[in-house]
Structures are given as structure tokens and as C-alpha cells.
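Working notes, beginning with the structure itself.
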There are 2 protein chains.
Amino acid sequence: MQVAPAREAQRLSAHAPTVIPIHAVTPGSVSRHGTPRCSACSMRSICMPPELSADELAKLDAVICTTRSVKRGDTLYRAGDMFQSIYAVRVGSFKTVLMHRDGREQVTGFQIAGEALGLDGVCGGNHNCDAIALEDSIVCIIPFAQLEAICREIKSMQHHIYQMMSSEIVRESSQMMLLGTMTAEQRVATFLLNLSRRFKARGFSPAEFHLRMTREEIGCYLGMKLETVSRMFSKFQRERLVHANGKTVHIVDPEGLAQV
Amino acid sequence: MQVAPAREAQRLSAHAPTVIPIHAVTPGSVSRHGTPRCSACSMRSICMPPELSADELAKLDAVICTTRSVKRGDTLYRAGDMFQSIYAVRVGSFKTVLMHRDGREQVTGFQIAGEALGLDGVCGGNHNCDAIALEDSIVCIIPFAQLEAICREIKSMQHHIYQMMSSEIVRESSQMMLLGTMTAEQRVATFLLNLSRRFKARGFSPAEFHLRMTREEIGCYLGMKLETVSRMFSKFQRERLVHANGKTVHIVDPEGLAQV
DNA sequence: CGCTCACTTGAGTTTTTTCAAGGACCGTGG
DNA sequence: CCACGGTCCTTGAAAAAACTCAAGTGAGCG
């Protein structure tokens, strides 16, 4: 079920754990990652506030000067690691996993291109969860101390960072509602529609996409067992709401799915 | 079960939805709320970074110049209200409630004295949930635009606000883990221990306290029905872990509770 | 003093999990 | 090119957990 990474990276690049102003990404631009400068980055409209001057962009370029590749299955950071930077996913996708002492695991989010990682590390100075690449991925490294300095100078950047963090709070609230009040069926439907919406917002098909995560990871995110996730996929298939073949998903009837 | 508000307000004043540096509050100081100036506020050590100069405090005083009383059951703000300020609970306690179109409700947090409210409003410019007082309460009003201005000047304030927001992200992650992976028994145990810890951090008894929320609100926060909450309380009572009489809770065996 | 609201408890039902088995797909190496 | 091993996915049947419905109790308030 693992398809060519380059194409897949693009397909999946439209989550929204930390809400950032979202624009379509022209296909092809995502994989062009030789330029670590924000001023030349095709994803700038996704990561950054829109109203930056050339002068302000230059300041950003001076700070965000490195990227990092993370192979599928490798960690970008682990819980307990010292916090120094936040990250913007440039290519690929990640999951963040919170681990309890007794071994219980909770996937707290899936992040794709244009989305932020590591905001949980600001408090306490250590990362709070593991960030693991779901496929070969590339992130921009944004040293937080320097970002703070920029935010003291550029009002719109300051506000943007506050908005990013607030968006993450809101996203997590929604996920709490999902976990606290929805049936297994509703959770899976909501999950698929959320993915769909994010893909659409990036200019990809909202109806057909590939999942980079396993049924187990989905279950771990939605608070249910992998078998239950699988049963819900089968149920939606019987009801002609979704056509799923392994990790390939085709949403046939989005309205029907929303009414589940 | 509603006891004299003044005493109760103090008892409950030790949650930690948005983690803020926590110190004991000397009894009596909380209800002395005629002074809306941070420089003279007995809770400053809870709300503010410790290393502020007199000059910096003066700037804060100029901004945080109003408080607001909210009667039990009244809303501090509602979902959809325009966002202008964040709030610090000075006296009393609140719940934040997220409502789905179909009527489903999720309590996303309980906030007590010294804790922040409204950070979810930064993104989008509107509040995202309802904040409802669990008892007669008083909040400090902190206009966010002015707070941002201060943060551009005072580095430690800037970092403090980032930490507050990050703490809220971390708190919500933990709640997702609770909702996603724990049994009803574990959820209630975790809830009680969390309350206990927060009370203790404020100088109140970690072993004995009053709940300001109903079983239904607890259930709504923990993703279960009120009957299930009640059964867990009874179970803990039978097992001599907790002695509960209505809203009065006595934690008899914290270690045992932690091992549930 | 009576009413209402919150809480407790029991019995039966529903949902989800657990355990188990089998099948599909992928990458590897012969 | 094909066989093989591992991982992932699907499905069924039984068990466990939580919910629903229902009844009854107790405490605070007007």
C-alpha cells in the first residue's frame, strides 16, 4: 500500500492540527525543497502571515536557515528532549504520540505539510510527546528564542504565533469533544471528513486520498481499537458512503458521512 | 451542598488547566478584591512571571485595570462572542463548555483562581466555547491587544504568555490521553488526583475538598455518564480509597487511587 | 413543609473490546 | 521472477464495559 513517496507526500499534505492561514499549494512546489529561505518558499502563504514586507522576510530568512530530513519511522523529537525549536512540516507527514508511564499511548495529532510541530515544548522547556515521521519527510527548523525576538519586532508575526498556538488549543478541544461524546462510527466519519477538508484546502482532491497512517494509529488517535476502526470502514463501504481499499480512501457521499 | 461562597472560593481555587507558576495563596487575600492592580495583587505570583521590575509592573497596572463579577451559572463569554480579552480567575471557578451543532456538549476544562480563561479566542477573533461560573466569581480582564503590546516590550511577559498557551496545549493533550485510553475508573481517579494536586499547590488540603461541579459536569468532562461517575465514587468508597459525601471529597489513599 | 435538583443504585441493553483466525500486500532475497 | 516473512487489515464470536431506563433517597431553598 506504500505508493511512490513523492506523490504521496503531496496527497497527504493537508491536515490542520495547528490552524494556519491555508492556501492551495501548487502541485510540484512542495517537493522543491532545496531553498530553506522563507522569502522564496512556496509554502510561505501557509506558514506565515500574509502581510510581511521584504524587509521583514529578510529577518525571517536570517532565522529559519536550516531544514531537516526525517526518515519514515524516525523521530523528529522525543518526549523529554530539550525544547529549542518549533518545526514546520515542509514535505511529508508526522504523528505526535503521548506516552503514559504504564505504556498506554495516545496519538495526539497528525501533521502534514504546512503545519507546525513542537508548540507543546514551550512550557517547561522540554518536548512533551514524540513526533514520528509517517513517511520520509522534511521540516523547517525555527529556533524559538530567535522567533521570539522577531515577534518583539514584527507585530504581525507576533500575532501569528499567538494564533497558531490558539488554533492548536481549539483543535485539541474539538478532539476532546470527539473522544468524549461521539460513537466509534461518528469518530471515524469525522476523522475522514477532517482529512478531506484539509486536503481540499491545499488544492488536492477532497474525495480521494491515501492514508499514511495504519488502522492502529487511527484507532489510537480516535480512542478505539484497530478492529473497531476496520469495522467502521467496512460499514461505510456497505452503506456506500466511502470506498476504501487499504489505505486508499474514496469518499463517495460526504453529506451522508456528515450525518452519521 | 453549597457552602458559604467565600470559604468555598478559596477551597476550590487550585485547578491547573493553563499551567501558570504556582504558589500558595494566603487565605484571606483571595477575597480582598478591591484592588485591580497587579502590583498590589496577592495572586501576582500565580498569574505573572516572577522577575518583573517595578517599572514593568506599572505597565501592567495600566492595562489590567478592571475586574468583573460573574454570578453562579452566568457566562463570562459565549462561543461566537468577539474576542478582545483574556481573563484571570481571581475568585471562584468556571467551566468551559464546547457545544456541537447537534446539542452534544463537552466540558473542556475547569478553571479556578489564578488560572487563565479565553486563550482559545485568539485564533479567529471569536471565542470558541462558553465559560460559565460554577459559583459567584471574579475575574481580571486583560485586553489582549494591549497585552500583546506589553509583550513586545517585556521579554519575560512575552515568554510567559507563550508558556501559558503551551501549557494549555499540554493540558489538553493529557486530557485526550485520558479520554482515549483510560477506563471510567481510571478517569475519575485521575480527575480527583489532579484536583488534589492543584489544591495542594495553592496551599489547601490535598486530601479534603469540595467539588463545585455536579456529577453530570464531571461526567461531561471525563467522557462518561453521570451514573457512571457516581458508581466510581461508590466503588472508591467501598475500596476505602476515597470518602465522598455528595460534593465533599476526602481522599483517603492517594497512592491506591493512583494505581487504579 | 414541600418541591426541586442532585445523587445513588439496580437491571437489562448496547457498544466496544478481546481473542482468534485467515487473507492481502510489500519488500527482500534466492 | 517467484517464494517467503512480516506487517497490516478484515471478520466472527464471546466477553467486558458503559449506557439507558427506572426508582428511590437526601439536601437545600423558597
Side-chain angles (χ1 to χ4, degrees), chain A residues 1-5 8 71-73 95 104-105 107 132 134-136 178-189 191-192 210-239 242-249 260, chain B residues 1-5 7-8 71-73 95 104-105 107 134-136 178-189 191-192 210-239 242-249 260:
Chain A
M1 195 34 50
Q2 301 311 333
V3 194
E8 277 315 287
K71 287 254 168 284
R72 176 185 150 90
K95 63 171 175 178
R104 264 192 310 251
E105 283 186 15
V107 172
I132 300 170
L134 295 176
E135 61 194 302
D136 293 353
L178 177 145
L179 291 167
T181 73
M182 293 188 188
T183 63
E185 190 181 14
Q186 293 170 326
R187 292 181 206 193
V188 175
F191 171 72
L192 290 175
H210 284 246
L211 304 172
R212 299 305 303 195
M213 65 294 282
T214 66
R215 299 287 188 266
E216 179 159 28
E217 288 165 332
I218 295 172
C220 202
Y221 179 56
L222 299 179
M224 65 185 83
K225 294 298 163 190
L226 69 96
E227 293 96 328
T228 308
V229 176
S230 183
R231 281 183 238 275
M232 294 308 135
F233 272 90
S234 302
K235 187 161 190 284
F236 291 151
Q237 186 123 339
R238 279 196 304 277
E239 295 168 349
V242 169
H243 182 86
N245 185 358
K247 292 201 167 66
T248 308
V249 172
V260 155
Chain B
M1 195 30 52
Q2 299 313 333
V3 194
R7 185 161 153 268
E8 276 315 286
K71 286 252 169 284
R72 176 184 149 90
K95 64 171 175 178
R104 263 192 310 251
E105 283 187 15
V107 172
L134 295 177
E135 61 193 302
D136 293 353
L178 177 146
L179 291 167
T181 73
M182 293 188 189
T183 63
E185 190 181 13
Q186 293 170 326
R187 292 181 206 194
V188 175
F191 171 72
L192 290 175
H210 284 246
L211 304 172
R212 298 306 302 197
M213 64 295 281
T214 66
R215 298 287 188 268
E216 179 160 29
E217 288 165 331
I218 295 171
C220 201
Y221 179 57
L222 299 179
M224 63 183 85
K225 295 298 164 190
L226 69 97
E227 293 96 328
T228 308
V229 176
S230 183
R231 280 184 239 276
M232 293 308 134
F233 272 89
S234 302
K235 187 162 190 283
F236 292 151
Q237 186 122 339
R238 278 197 304 277
E239 296 167 349
V242 169
H243 183 85
N245 184 358
K247 290 201 167 67
T248 309
V249 172
V260 155

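Scope of the values below: all heavy atoms of this structure, side chains included, with no hydrogens, waters or symmetry mates. Here is how names work: the chains are called A, B, and so on, in the same order as the sequence lines, proteins then strands, and each is numbered from 1. Remember, predicted model here, so these are calculated numbers, not experimental data.
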Starting at atom CD of A/Glu227, determine the distance to atom C1' of C/dC19, rounded to an integer number of angstrom.
9 Å

Round to a whole Å and report the spacing from CZ of B/Phe236 to C1' of C/dT9.
17 Å

How would you label the contact of B/Ser234 with the nucleic acid (heavy atoms, under 4.0 Å): base, sugar-phosphate, or nothing?
sugar-phosphate

Atom-to-atom span, CZ of B/Phe233 to C1' of D/dG26 - whole angstrom:
17 Å

Looking only at side-chain atoms of A/Leu226, point me to the closest of D/dA18, D/dA22, D/dT10.
D/dT10

Closest-nucleotide mapping onto DNA chain C: is B/Thr214 or A/Arg231 further toward the 5' terminus? I mean the 5' end.
B/Thr214

State whether the number of non-hydrogen atoms from other residues, nucleotides or ligands found under 6.0 Å of B/Glu216 atom CD is greater than 12.
no

Taken to the nearest whole Å, NE2/A/His210 to P/D/dC8 is 18 Å

A/Ile218 CD1 to D/dC9 P, in whole Å, measures 7 Å

Any salt bridge between B/Glu135 and B/Arg212, counting N to O under 4.0 Å?
yes

Provide, to the nearest angstrom, the distance between the CG atom belonging to A/Asn245 and the C1' atom belonging to C/dG23.
13 Å

Nearest to the side chain of A/Lys247 - D/dC8, C/dT17, C/dT9?
D/dC8

Rounded to whole Å, the NZ-P distance (B/Lys225 to C/dG10) equals 21 Å

C/dA6 C1' sits how many Å from B/Leu134 CG, rounded?
15 Å

Please indicate whether A/Glu227 has more than 12 foreign heavy atoms, meaning atoms of other residues, nucleotides or ligands, lying under 6.0 Å from its CD.
yes

Go through the structure and list residues passing salt bridge (charged side-chain N to carboxylate O under 4.0 Å, His left out) with A/Lys225, not counting sequence neighbours.
none

For DNA chain D, which residues in residues 178-188 of chain A have a heavy atom at a distance below 4.0 Å?
none

Donor-acceptor pair, A/Gln237 side chain versus A/Ala244 backbone, under 3.5 Å?
yes

Are any side-chain N or O atoms of A/Asp136 and backbone N or O atoms of A/Arg72, one a donor and one an acceptor, separated by less than 3.5 Å?
yes

For A/Ser230, is there any backbone N or O sitting under 3.5 Å from a side-chain donor or acceptor partner on A/Ser234?
yes

